[in-house]
*Asks:* 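Structure provided below as structure tokens; questions to follow.
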Amino acid sequence: MSKIVGMRRRYGFLASSIGVISSAALALAPALPATAATTARQSFAALATAAPARASAAWVSAAPAAERAGTEAADASGSTRSLPLVPFTEGRARGRSPGAASEWGLYRADVRHFSLVGVVWDDPETELHGSVQIRTRSAATGTWSGWQTVDTHNADHGADPGTAERTAGHVRGATAPLWVGDCDGVDVRVRADTGDRGQGALDPALPLPSGLRVELVDPGDEPPPAGPDPDQPDQSRTGELSEAATAASAANAGLAPIGATEIPALDREDTEDELFALRGGELTTGQRVEPHVGPRPTIVTRRGWGADESLRADGFVYTKKVKAAFVHHTVTGNNYSCSQARSVIRSIYRYHVKSMGWRDIGYNFLVDKCGTIYEGRAGGVAKPVLGAHTMGFNSDSVGIAVIGTYSKSKPSSAAVRAVARLLAWKLGLYGMNPRGKTYLKSAGGNLYQKGKNVRLNVISGHRDGFATDCPGSKLYAKLGTVRKDAARYQGR
């Protein structure tokens, strides 16, 4: 029976009846051929006739060939389905220019199962001035969620301007991703900002970015449970790990065996010994006398959360050192259980790489609501891995994201405590005081111009380096506690 269920999940067999759309007018892209338009109208009529009592204003895609572009086949390691949005032409009746539809969308009740959704567009430098709302249908119950508004300002998470990762031709603009759990239907609407100034007349809508697509991410099957295994063999020699997976695991050499799913916690004495082994030649006399490094916490490795190492770019990129930490929230919503956290991370990883075009997941570490710490971008948890988390300040910094949305919801005490423990260790490796200040040079952003030396807290929120809501007001308010506790864990 479990195999049958797995097959149904992989190949998208519907777990419930198809949701129904209302009698709202079907919007078709002007360029669609007549045959495609006829097919779409027939499909729309069939759905509307099936159960008219369940209403849903929607857009129906009528271009199956276009949907196949950029779409992966279902696989145990996960997949991404990329579907083009189509214009909703109501705006023409209000005197707006032809071809400049102010609303785009998509309604599908027959998609392969997915758990995370977001919207992307062609140009990463173009902002989406408007709103993006998404609702999804649960594969388990067949019921549709309410409309959820997705954060459209996601450009502040990313590689620094001018870097190879930022200028790669496949990087795209994107909304924040939204975790929705196991779903088989999606309804998306993107509305342009009308620019209405309250003068009684509707101003022309600001143009929406070109190439709007909805990304449906399946995180794939769960890896074996993470846990310490002192008898685990070197899997680089058994053929169980790919070359890329071996390289990612080997980046943590000296901290855990190759193939380990966890890097175990250390007490203070062993952590100090580790510090001397890792960076002894770089320590000052004062650091040798008083290392001020917090005990190393348990960290789930990339193998532990099931990273598909074939997705990311080859090799690792490092900065010189770690002078500061930026705390983030993933803005994926709080509707996840701790047992789902690894699936959420795999989904974010896929969204960052396959949908947004980054070389790897943007964050160096992630922390779930239960306080579990996860390795993020590959390259070694003790090393100064260059991330893509705070545009303008990725060099000489580390990015930690708490999984969830904390604009209005308070982060758990377990998550706040885990961030403090992680930073007491990570910053301690580089001799940084969590309660101190430091200078970072801006690589360019919307808050500080390129080349400006900016004085920041050693532990800062994302909004301190870029004009953004991240990490949310409720998490940002906890950073004083994080600084104080991290300093205490360092013995200061």
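Given the structure is predicted, the values throughout are model-derived calculations rather than measurements.
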*Asks:* Are T390 and H328 close enough that a side-chain donor and a side-chain acceptor fall under 3.5 Å?
*Replies:* yes
*Asks:* Tell me, do Y374 and V367 make a side-chain contact under 4.5 Å, heavy atoms counted?
*Replies:* no
*Asks:* Checking T405 side chain against G333 main chain: does a donor-acceptor pair fall under 3.5 Å?
*Replies:* yes
*Asks:* Check whether any side-chain N or O of S355 sits under 3.5 Å from a backbone N or O of H352 as a donor-acceptor pair, and report yes or no.
*Replies:* no
*Asks:* Take the angle between the ring planes of H389 and F326 and call it parallel below 30°, perpendicular above 60°, tilted in between.
*Replies:* tilted
*Asks:* Any side-chain heavy-atom pair from Y406 and S473 closer than 4.5 angstrom?
*Replies:* no
*Asks:* Report, as yes or no, whether the 6.0 Å neighbourhood of atom CD on E243 holds more than 12 heavy atoms from other residues, nucleotides or ligands.
*Replies:* no
*Asks:* When rounded to the nearest 0.5 angstrom, what distance separates OG1 in T301 from CD1 in I258?
*Replies:* 12.0 Å
*Asks:* Can you find a side-chain donor-acceptor pair between S82 and R213 that sits under 3.5 Å?
*Replies:* yes
*Asks:* To the nearest 0.5 angstrom, please state how far the CD1 atom of I345 sits from the CD atom of Q340.
*Replies:* 12.0 Å
*Asks:* Are any of the side-chain nitrogens in E125 or R166 under 4.0 Å away from the carboxylate oxygens of its partner?
*Replies:* yes
*Asks:* Give a yes/no verdict on a cation-pi contact between R172 and W358, requiring under 6.0 Å between NZ or CZ and the six-membered ring centre and an angle within 45° of the axis.
*Replies:* no
*Asks:* For the pair W425 and F365, name the ring-plane relationship: parallel under 30°, tilted 30 to 60°, perpendicular over 60°.
*Replies:* perpendicular
*Asks:* For the CZ atom of R359 and the CG atom of L386, what is their distance to the nearest 0.5 Å?
*Replies:* 8.5 Å
*Asks:* Between V190 and V188, is a side-chain contact (heavy atoms from CB on, under 4.5 Å) present by the stated rule, with each step listed?
*Replies:* CA-CA 7 Å; V190 179; V188 184; 4.3 Å; yes
*Asks:* What do the steps show when you test D273 against T271 for side-chain contact (heavy atoms from CB on, under 4.5 Å), and what is the final call?
*Replies:* CA-CA 5 Å; D273 290 342; T271 301; over 6 Å; no
*Asks:* Would R377 and E165 count as a salt bridge (charged side-chain N to carboxylate O under 4.0 Å, His left out) here? Give the steps.
*Replies:* CA-CA 13 Å; R377 180 163 287 208; E165 182 173 2; 2.9 Å; yes
*Asks:* What do you reckon, is CG of D270 surrounded by more than 12 foreign heavy atoms closer than 6.0 Å?
*Replies:* yes
*Asks:* So, for W305 and Y349, is the gap between ring centers shorter than 6.0 Å?
*Replies:* yes
*Asks:* Quick one: are L429 and V293 in side-chain contact, heavy atoms under 4.5 Å?
*Replies:* yes
*Asks:* If you measure from the Lys or Arg side-chain nitrogens to the Asp or Glu carboxylate oxygens, is any gap between D396 and K321 under 4.0 Å?
*Replies:* no
*Asks:* In Å, rounded to the nearest 0.5 Å, how long is the span from CG of L178 to CG of D151?
*Replies:* 11.0 Å
*Asks:* Could you give me the CA-CA distance, side-chain angles and deciding distance for Y476 and D464, then say whether side chain to side chain donor-acceptor pair (under 3.5 Å) is met?
*Replies:* CA-CA 10 Å; Y476 189 78; D464 295 321; 2.7 Å; yes
*Asks:* Quick one: does any side-chain atom of S249 pair with a main-chain N or O of G259 as donor and acceptor, under 3.5 Å?
*Replies:* yes
*Asks:* From D308 CG over to K354 NZ, what is the distance, rounded to the nearest 0.5 angstrom?
*Replies:* 9.0 Å
*Asks:* Just do the side-chain contact (heavy atoms from CB on, under 4.5 Å) check on I400 and N364 with the steps written out, would you?
*Replies:* CA-CA 6 Å; I400 294 90; N364 297 106; over 6 Å; no
*Asks:* Counting only heavy atoms not in K484 (residues, nucleotides, ligands), do more than 12 fall under 6.0 Å from its NZ?
*Replies:* no
*Asks:* With heavy-atom distances below 4.5 Å as the criterion, would you say the side chains of K474 and P411 are in contact?
*Replies:* yes
*Asks:* Do F316 and K383 have side chains that get closer than 4.5 Å, going by heavy atoms?
*Replies:* no
*Asks:* Are side-chain heavy atoms of Y351 and T80 found at a separation under 4.5 Å?
*Replies:* no
*Asks:* Looking at I299, is its backbone amide N or carbonyl O close enough to the side chain of E262 to form a donor-acceptor pair, meaning the two atoms are under 3.5 Å apart?
*Replies:* no
*Asks:* For the backbone of E269 and the side chain of E272, can you confirm whether one donor and one acceptor N or O come within less than 3.5 Å of each other?
*Replies:* no
*Asks:* Apply the side chain to side chain contact (heavy atoms under 4.5 Å, CB included) test between F114 and each candidate in V186, V214, V217; give the one that qualifies.
*Replies:* V186
*Asks:* When you measure from the side chain of T175 to the backbone of V119, do you find a donor-acceptor pair of N or O atoms at a distance under 3.5 Å?
*Replies:* yes
*Asks:* For the residue pair A248 and E309, what are the closest heavy atoms and their distance?
*Replies:* CB-OE2, 3.5 Å
*Asks:* Which atoms form the tightest heavy-atom contact between I459 and P434, and what is the distance?
*Replies:* CD1-CB, 3.7 Å
*Asks:* Can you confirm whether more than 12 heavy atoms, excluding those of D314, are under 6.0 Å from its CG atom?
*Replies:* no
*Asks:* If you take all heavy atoms of C338 and K369, which pair is closest and at what distance?
*Replies:* SG-CG, 3.4 Å
*Asks:* So does Y439 have more than 12 non-hydrogen atoms from other groups sitting under 6.0 Å from OH?
*Replies:* no
*Asks:* Rounded to the nearest 0.5 Å, what separation is found between the CG atom of L216 and the OG atom of S115?
*Replies:* 10.5 Å
*Asks:* Any donor and acceptor pair, going by atom type alone, linking the side chain of K323 with main-chain N or O of V458 inside 3.5 Å?
*Replies:* no
*Asks:* Measuring only between side-chain heavy atoms, which start at C-beta, is V454 closer than 4.5 Å to Y448?
*Replies:* yes
*Asks:* Taking atom NZ of K478 as the centre, does the number of heavy atoms from other residues, nucleotides or ligands within less than 6.0 Å exceed 12?
*Replies:* no
*Asks:* Has R455 got a side-chain atom pairing as donor or acceptor with K437's backbone, closer than 3.5 angstrom?
*Replies:* no
*Asks:* Is the F466 ring parallel, tilted or perpendicular to the H462 ring (thresholds 30°, 60°)?
*Replies:* tilted
*Asks:* Is R435 reaching over with its side chain to a backbone N or O of A487, donor-acceptor style, under 3.5 angstrom?
*Replies:* no
*Asks:* Inspect the contact between R346 and E222 and indicate whether a charged nitrogen and a carboxylate oxygen are less than 4.0 angstrom apart.
*Replies:* yes
*Asks:* Would you mind reporting whether I348 and I361 have side-chain heavy atoms less than 4.5 Å apart?
*Replies:* yes
*Asks:* The test is side chain to side chain donor-acceptor pair (under 3.5 Å); show your working for H113 and D182 and say whether it passes.
*Replies:* CA-CA 6 Å; H113 289 216; D182 190 17; 2.9 Å; yes
*Asks:* Going by an N to O cut-off under 4.0 Å, is there a salt bridge joining R296 and E274?
*Replies:* yes
*Asks:* Show your reasoning for whether side-chain contact (heavy atoms from CB on, under 4.5 Å) applies to L283 and L275.
*Replies:* CA-CA 9 Å; L283 299 180; L275 171 63; 4.1 Å; yes
*Asks:* Does N252 reach the main-chain N or O of V381 with its side chain, forming a donor-acceptor pair under 3.5 Å?
*Replies:* yes
